[in-house]
There are 2 protein chains.
Amino acid sequence: MGLTKTENFTEKQNDIAKLLKALGHPARIAIIEHLLKMKTCVCGDLVSELPLAQATVSQHLKELKNVGIIKGTVEGNAVCYCLDENAFDYLKGYFSNILADVKCQQSNCC
Amino acid sequence: MGLTKTENFTEKQNDIAKLLKALGHPARIAIIEHLLKMKTCVCGDLVSELPLAQATVSQHLKELKNVGIIKGTVEGNAVCYCLDENAFDYLKGYFSNILADVKCQQSNCC
DNA sequence: TCGTATGATTGCAATATTGCGATTAACTTT
DNA sequence: AAAGTTAATCGCAATATTGCAATCATACGA
């Protein structure tokens with residue numbers, strides 16, 4: 001039906017899924033990698049860097065902001081974007097834990 | 001138009017996006033966490049563990065297998081699933097690198 | 001061989017996502 | 001104030017995803 005049954009999963013599972021879903025699009029990965037490359041936060045040059053229209057970029061930025069992956073602060077009539085350390089800290093931790101557990105069980109597995 | 005313009009992004013960006021998109025669903029997170037909890041690979045009890053129909057679970061498993069997050073081996077008339085260490089190694093590395101870079105630039109940012 | 005069990009596939013309906021042109025809102029500059 | 005700049009929002013069309021019942025394919029046991 002196209003409707004994800006979020007009510008049947010734990011809050012944590014829904015949270016991590018939402019975060020990863022927001023990252024699961026090449027345009028949004030490109031946005032993040034561009035914000036990384038620039039040594040400081042980026043004000044407005046994202047549209048010219050990406051092969052997408054202004055409305056589309058704005059929407060992707062909104063999604064990333066909604067899940068807390070980037071922060072945006074208004075700076076005059078431009079907006080200044082940068083990455084939120086906490087989100088990546090959380091993701092790194094999540095995958096580190098999984099990896100540790102997976103390595104443990106590799107021996108008695110297929 | 002609902003059509004992601006993958007051709008405008010790098011192969012790496014598309015790859016990581018595909019991997020993260022596959023993880024961006026609570027049912028698939030639940031599958032992974034269940035495979036983790038069981039100390040060995042899991043044969044068939046996934047459907048009874050999840051609040052989803054058999055056809056739906058099978059489809060989620062297929063998506064996870066397509067991007068290399070899980071491996072499945074046929075074992076008689078059951079199928080045995082387990083996590084693929086390489087995928088999580090890759091993801092952990094990806095986020096570790098981002099986090100390191102983000103921490104560097106926190107000083108001169110918004 | 002025939003029934004049973006397991007899991008994949010098909011086909012469908014409902015909903016979500018993507019992308020963009022057009023417009024709007026808010027601020028700057030002249 | 002008028003004109004320009006920047007980014008958010010709206011509304012739409014095209015496509016993708018989600019979930020499931022029904023069916024199919026394969027392997028197992030009697």
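Chain naming here is simple, since letters A, B, ... match the order of the sequence lines and numbering starts at 1 in each.
Side-chain N/O atoms of A:Asn77 and base N/O atoms of D:dT5 include a donor-acceptor pair closer than 3.5 Å. Side-chain to base pairing of A:Gln54 with D:dA8: one donor and one acceptor N or O lie within less than 3.5 Å of each other.
Note on B:Ser58: a base of the nucleic acid sits closer than 4.0 angstrom, heavy atoms only. Residue contacts for A:Ala55: at a heavy-atom cut-off of 4.0 Å it reaches a base atom on one of the strands shown. Counting any heavy atom pair closer than 4.0 Å across all strands shown, B:Leu61 reaches no nucleic acid atom. Among the heavy atoms of the strands lying under 4.0 Å from A:Thr56 is at least one base atom, whether or not backbone atoms are also near.
As rounded to whole Å, 17 Å separates atom C1' of D:dT18 from atom NZ of A:Lys18. Rounding to whole angstrom units, CD of residue B:Gln59 and P of D:dA22 are separated by 17 Å. Distance CD (A:Glu7) to P (D:dT18): 15 Å, rounded to an integer number of Å.
Here the side chain of A:Glu63 pairs no donor or acceptor atom with the backbone of A:His60 at under 3.5 angstrom. Checked by atom type and distance alone, the side chain of B:Ser96 pairs as donor or acceptor with a backbone atom of B:Lys92 at under 3.5 Å. A donor-acceptor contact shorter than 3.5 Å links the side chain of A:Arg28 to the backbone of A:Ala22. A:Asn14 places a side-chain N or O within 3.5 Å of a backbone atom of A:Thr6 that can act as its donor or acceptor partner.
Taking the nucleotide of DNA chain C with the nearest heavy atom to each of A:Pro51 and B:Asp45, the more 5' of the two is matched to B:Asp45. Taking for each of B:Glu63 and B:Gly76 the nucleotide of DNA chain D with the nearest heavy atom, the 5'-most of the two is the partner of B:Glu63. Comparing A:Val47 and A:Thr4 by the nucleotide of DNA chain D that holds the closest heavy atom to each, the one mapping nearer the 5' end is A:Val47.
The phosphate of D:dT6 has neither OP1 nor OP2 within less than 4.0 Å of any side-chain N or O from A:Tyr81.
With rounding to the nearest 0.5 angstrom, the CD1 atom of B:Ile31 is 11.0 Å from the CG atom of B:Leu23.
Between A:His25 and B:Phe9, the ring planes are perpendicular. Angles over 60° get that label, and only those under 30° would be called parallel.
Nucleotides of DNA chain C with any atom under 4.0 Å from a heavy atom of chain A span, from 5' to 3', C:dA13 to C:dT28.
The number of heavy atoms from other shown groups lying within 6.0 Å of CD (B:Glu11) does not exceed 12.
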